[in-house]
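Have a look at the structure below before the remarks.
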Number of protein chains: 2
Amino acid sequence: MKAKLTAHDVARLAQVSQSAVSRAFTPGASVAPETRERIHLAARQLGYRPNAIARSLITRRSRIIGLVMSYLDNQFYPLVIERLSQALQRDGYHVLLFISETAQADSVLTDILQYQVDGIVLASTTVSSALANDCTRAGIPVVLFNRVAQIGAMGRYATSSVTSQNRAGGRMVGELLLRTGHRRIAWLAGEENASTSLEREAGLCEALAAAGQEPCARAVGHYDFEQARRAVLALFADPATRPDALAVANDHMAIAALETLRGELGLRVPHDVSVVGFDNVPQAAWPSFNLTTVQQDVDQMVDATRALLFEHIGGEVVPRSVAVPCTLIERGTVRARQ
Amino acid sequence: MKAKLTAHDVARLAQVSQSAVSRAFTPGASVAPETRERIHLAARQLGYRPNAIARSLITRRSRIIGLVMSYLDNQFYPLVIERLSQALQRDGYHVLLFISETAQADSVLTDILQYQVDGIVLASTTVSSALANDCTRAGIPVVLFNRVAQIGAMGRYATSSVTSQNRAGGRMVGELLLRTGHRRIAWLAGEENASTSLEREAGLCEALAAAGQEPCARAVGHYDFEQARRAVLALFADPATRPDALAVANDHMAIAALETLRGELGLRVPHDVSVVGFDNVPQAAWPSFNLTTVQQDVDQMVDATRALLFEHIGGEVVPRSVAVPCTLIERGTVRARQ
DNA sequence: CTGAAAGCGCTTACAG
DNA sequence: CTGAAAGCGCTTACAG
């Protein structure tokens, strides 16, 4: 392994000062065009590239964004990683990825802060709001993705967030199910205290209430395939009280529900039960599922996230929450009015 | 945003030198236990955390690993991201994620090198081998994940890699299909020049050759759902020459094949055609697919990757390739001998 | 437009 | 065990 090249080496070859080399690699710095050319030539000859670490130290900007996620089973999150990291790359930023189980939230925080990231995106339903508060307190911009800040009793640090209009989405689901004549609508929740799940449920209930109804049953699937399966089994255990529609907090669990309903309970979807998901992950469109769902607009959510991030990096301190519209995607898992 | 805290601030409060503060945060450095205690106390009071950027600059170790991926549609890759980043976190490393379309491979390289990553994992079938060579030449350790170095004519830089025993896996598929009495076996390839796809195909052909057979047809799906669909349509266009088994380069395309065969061609799997995939992604186990496939052992692959990475970071320069055993997972998409 | 110089926040020989 | 000092590789006023 050869010794590391520095700006000095280039300066020597190009017969300029080290400062000039630095300027030649700083967009907008004042260098004579021909000097810059000569320096770039020398750099290319040597294979020199500025050291981003040293630059970060002095500019106090790392151009790194920390992205915290918990689990990637749900295909919605790989999608987010993909779009967000590509967008951020175009902006000249990079993403440092942290996959954290709930437990290690604190060590994750310490890590992130040590790396002097310019901002953090928290796209993990399970990471505590305390984590977000700590970062805000440490002066580093945080934006919550696909969840909303808990307005806790003690630490009243609000945090910026971007979500879909989950309540409106939930309402769409309720209205669709009502419109198609369903009378016994059950709700399969994600996590009991996840804002996303809660909001969607609230929207559903709102729509039902407007028609003088309410969900006939409710279970919790913890955003997990296997736990969703068991929740469905419980919900449909008694044929006498069987729901005629199941609204699910996300597609990942909706697909688990579909599999369980058809494969284990021998029910036909949508003939015997209708199922609606939320997210519109790629698999929802696969013919085997053909899942009616509410689409979250990932690109718009990513754009909003970047905007918020840059706003805060630029010095804005008051948090802002943006909720992106979502769209009902009608496919084949809801029966038509009979 | 408050001014950044430094070791000096802590030193002042704890009444020691800045060097002592540094030592208190360096495992194994020589500090009196009570001094260390006092310093940690002061640090906690102030909310001080060492600046990893400054540390990296002087130690010339960033403890960052660059992870380069291309697309995450295939659920195998989110799995890899998850396992690899968690393992690396436990090792005290962090991952800087680069999602690159084929085209931008060069800009990715420049970016990565500027960030002084300690190593790079290239888990992207589409990134050119030239990229890997450039890194190796720049003196930064690279390990290829799920692919193997092209031994090019010009730049003869070999690169370390970890893969499954793809050829053996391909052979398992061939033997299974032969054993169950299939006579017209078609191959659906991934990318024409992807080592992974090529090796699996070679294994399949080897098994068939041992029985005096060869694949009856072949098509390319480019690891893409839609292109796999079209390839299947072409492969099964003529009922007279219809294959009785389809071996597919990965599960992602195998599921596309299943959907197309059943949904569009009205064929029953495995009654009319058998299908075998490769990877054992989570969806392969879903009841709707119940896909017979070859499992790649992600955990073992991740462990091998770490081992190789640390070996090279530690100074080892001769590249090494490790191939992890894979396992046939028999489920429901291959008909039993009739 | 260009160079000399200070400094970003650490680690690490070197003395004591 | 501890402190003073040099230095990691840059950026950026400040003069000229």
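Keep in mind that what you see is a predicted model, and the values were worked out from it rather than measured. Convention: sequence-line order gives letters A, B, ...; per-chain numbering from 1.
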Take atom [atom1] of [X] and atom [atom2] of [N], then tell me their distance rounded to the nearest Å.
{"X": "Gln114(B)", "N": "dC10(D)", "atom1": "CD", "atom2": "P", "value": "10 Å"}
{"X": "Tyr48(A)", "N": "dG9(D)", "atom1": "OH", "atom2": "P", "value": "10 Å"}
{"X": "His8(B)", "N": "dG9(C)", "atom1": "NE2", "atom2": "P", "value": "10 Å"}
{"X": "Arg12(B)", "N": "dG3(D)", "atom1": "CZ", "atom2": "P", "value": "14 Å"}
{"X": "Ile39(A)", "N": "dT11(D)", "atom1": "CD1", "atom2": "P", "value": "12 Å"}
{"X": "Leu57(B)", "N": "dT12(C)", "atom1": "CG", "atom2": "P", "value": "12 Å"}
{"X": "Ile58(A)", "N": "dG9(C)", "atom1": "CD1", "atom2": "C1'", "value": "11 Å"}
{"X": "Arg36(A)", "N": "dC1(C)", "atom1": "CZ", "atom2": "C1'", "value": "12 Å"}

Of all the nucleotides listed ([options]), which has the minimum atom distance to the side chain of [X]?
{"X": "Arg55(A)", "options": "dG9(D), dT11(D), dT11(C)", "value": "dT11(D)"}
{"X": "Gln18(A)", "options": "dC14(C), dT11(D), dA5(D)", "value": "dT11(D)"}
{"X": "Ala32(A)", "options": "dT2(C), dA5(C), dT12(C)", "value": "dT2(C)"}

Within the 4.0 Å heavy-atom criterion, would you say [X] contacts the bases, only the backbone, or no part of the nucleic acid?
{"X": "Ser19(B)", "answer": "base"}
{"X": "Arg60(A)", "answer": "sugar-phosphate"}
{"X": "Val16(A)", "answer": "sugar-phosphate"}
{"X": "Ser22(B)", "answer": "base"}
{"X": "Phe25(A)", "answer": "nothing"}

Ring centres of Tyr93(B) and Phe310(B) under 6.0 Å apart?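 Ring centroids of Tyr93(B) and Phe310(B) are less than 6.0 Å from each other.
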
Do the ring centers of Tyr48(A) and Phe25(A) come within less than 6.0 Å of each other?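 Between Tyr48(A) and Phe25(A), the centre distance is under 6.0 Å.
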
Using a cut-off of strictly less than 4.0 Å, decide whether [X] has a side-chain nitrogen or oxygen near OP1 or OP2 of [N].
{"X": "Ser30(B)", "N": "dC1(D)", "answer": "yes"}
{"X": "Thr6(A)", "N": "dG9(D)", "answer": "no"}
{"X": "Thr35(A)", "N": "dT2(C)", "answer": "yes"}

Would you mind reporting whether Val80(A) and Met69(A) have side-chain heavy atoms less than 4.5 Å apart?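 When only atoms from C-beta onward are counted, Val80(A) and Met69(A) do touch, with a gap below 4.5 Å.
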
Does the side chain of Arg55(A) reach to within under 4.5 Å of the side chain of Pro50(A), using non-hydrogen atoms? yes

Report the residue from Val298(B), Thr196(B), Val121(B) that forms a side-chain contact (heavy atoms from CB on, under 4.5 Å) with Asn146(B).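 Option passing the side-chain contact (heavy atoms from CB on, under 4.5 Å) with Asn146(B): Thr196(B).
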
Partner of dG16(D) by Watson-Crick or G-U wobble geometry, both contacts under 3.5 Å, or none? dC1(C)

